[in-house]
Amino acid sequence: MATITEVFEQMKDKFNSDAAAGLDLVFQFDIEDGDTYHLLIKDGGLEIIEGANDDPNVTLIMDTETMIGIMTGEVDGMQAFMMGKLRAEGDMMLATKLSELFPN
């Protein structure tokens, strides 16, 4: 199984900069049994930073297993949300943009 660090490294490779054109967003990932990371997406660029952001647009809360499953495509994000394995705070509709920004 991949580690959270490896998953975030893979996100850099999957990043679709065209889908991020004109955006200025902060996605925060609060890994309950791990660390917190946030993604700064601005004008087609991506920066992944360990630690919390003071004002994220949306925070996604889940455990390591769920995060890895979603990012590898083994777990459907919407299904994880419906099962209570994924929670969102802030602008929940932005979470749906993640599949455009990081296609499998």
Side-chain angles (χ1 to χ4, degrees):
M1 179 186 273
T3 67
I4 287 293
T5 305
E6 290 169 343
V7 167
F8 280 105
E9 285 299 315
Q10 291 167 4
M11 288 176 81
K12 290 179 187 176
D13 296 334
K14 292 180 178 183
F15 183 63
N16 178 357
S17 60
D18 291 340
L23 296 180
D24 185 3
L25 300 171
V26 178
F27 290 89
Q28 185 156 293
F29 293 84
D30 185 357
I31 310 302
E32 294 173 307
D33 57 346
D35 296 316
T36 298
Y37 293 83
H38 63 277
L39 311 181
L40 300 177
I41 296 175
K42 186 167 184 154
D43 296 327
L46 167 68
E47 192 175 352
I48 299 174
I49 301 168
E50 191 169 347
N53 183 280
D54 291 336
D55 192 25
N57 297 93
V58 63
T59 300
L60 302 170
I61 305 158
M62 68 200 94
D63 63 16
T64 299
E65 183 180 350
T66 302
M67 174 70 181
I68 291 170
I70 290 171
M71 290 304 167
T72 59
E74 294 173 27
V75 174
D76 178 74
M78 188 57 72
Q79 193 174 24
F81 182 79
M82 297 300 211
M83 293 171 54
K85 292 184 174 195
L86 167 63
R87 298 188 318 278
E89 295 176 355
D91 188 345
M92 289 186 232
M93 292 310 294
L94 286 177
T96 62
K97 280 208 166 295
L98 286 172
S99 60
E100 296 170 33
L101 294 168
F102 302 97
N104 276 331

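Note that the structure is a prediction, hence the values are computed from the model and not measured. Just the heavy atoms: all of them, side chains too, but no hydrogens, waters or symmetry mates, feed the values below.
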Colleague: Begin from the C-alpha positions of I41 and K97 and carry the test side chain to side chain contact (heavy atoms under 4.5 Å, CB included) through to its verdict.
Modeller: CA-CA 11 Å; I41 296 175; K97 280 208 166 295; over 6 Å; no
Colleague: Under 4.5 Å between side-chain heavy atoms, hopping through other hydrophobics if needed: is there a path connecting M93 to I61?
Modeller: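 No, M93 and I61 fall in different hydrophobic clusters.
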Colleague: Please list all pairs passing the salt bridge (charged side-chain N to carboxylate O under 4.0 Å, His left out) test where one or both residues lie in residues 37-56, with sequence neighbours left out.
Modeller: D24-K42
Colleague: Distance check, rounded to the nearest 0.5 Å: I31 atom CD1 versus E65 atom CD?
Modeller: 12.0 Å
Colleague: Flag the pair I4 / Y37 as yes when at least one side-chain heavy-atom distance between them is below 4.5 Å, and no otherwise.
Modeller: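 Sidechains of Y37 and I4: in contact.
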Colleague: Is the ring pair F102/F15 parallel, tilted or perpendicular, if the boundaries are 30 and 60 degrees?
Modeller: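 Rings of F102 and F15: tilted, as their planes differ by 30° to 60°.
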Colleague: Are L98 and L60 packed together at the side-chain level, in the sense that at least one heavy-atom pair is separated by less than 4.5 angstrom?
Modeller: yes
Colleague: Rounded to the nearest 0.5 Å, what separates atom CG in L46 from atom CZ in F27?
Modeller: 10.5 Å
Colleague: Considering only heavy atoms from C-beta outward, does the side chain of L101 approach that of L23 to under 4.5 Å?
Modeller: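 Counting from C-beta outward, L101 and L23 do come under 4.5 Å.
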Colleague: Let me confirm one number: the CE-OG1 distance from M92 to T59, rounded to the nearest 0.5 Å.
Modeller: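 Separation between the atoms: 11.0 Å.
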Colleague: If a pair satisfies salt bridge (charged side-chain N to carboxylate O under 4.0 Å, His left out) and one of its residues is in residues 66-89, list it, with sequence neighbours excluded.
Modeller: E32-R87
Colleague: Measure across I48 and L39 and return the closest heavy-atom pair with its distance rounded to 0.1 Å.
Modeller: CG1-CD2, 3.4 Å
Colleague: Does any part of the side chain of Q28, heavy atoms only, come nearer than 4.5 Å to the side chain of T36, both counted from C-beta?
Modeller: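 In contact.
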Colleague: If you compare all heavy atoms of G77 against all heavy atoms of L86, which two are closest, and at what distance to 0.1 Å?
Modeller: O-CD2, 3.6 Å
Colleague: Provide the closest heavy-atom pair for K14 versus M71 in the form atom of the first, atom of the second, distance.
Modeller: NZ-O, 2.7 Å
Colleague: Which heavy atom in I70 sits nearest to a heavy atom in M62, and how many Å separate them?
Modeller: CD1-SD, 4.2 Å
Colleague: So do the side chains of V26 and L40 get within less than 4.5 Å of each other, counting heavy atoms only?
Modeller: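 Yes, at least one pair of side-chain atoms sits under 4.5 Å.
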Colleague: Considering non-hydrogen atoms only, spot the tightest contact between G44 and S17 and give its length.
Modeller: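 Nearest pair, atom of G44 first, then S17: O-CB, 3.2 Å.
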Colleague: Sequence neighbours left out, what passes side chain to side chain donor-acceptor pair (under 3.5 Å) with N57? Give chain and number order.
Modeller: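 Testing N57 for side chain to side chain donor-acceptor pair (under 3.5 Å), a comparison that skips the adjacent residues, returns none.
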Colleague: For side chain to side chain contact (heavy atoms under 4.5 Å, CB included), just list the numbers for T66 and I68, CA-CA rounded to whole Å, side-chain angles, deciding distance to a tenth of an Å, and then say yes or no.
Modeller: CA-CA 6 Å; T66 302; I68 291 170; over 6 Å; no
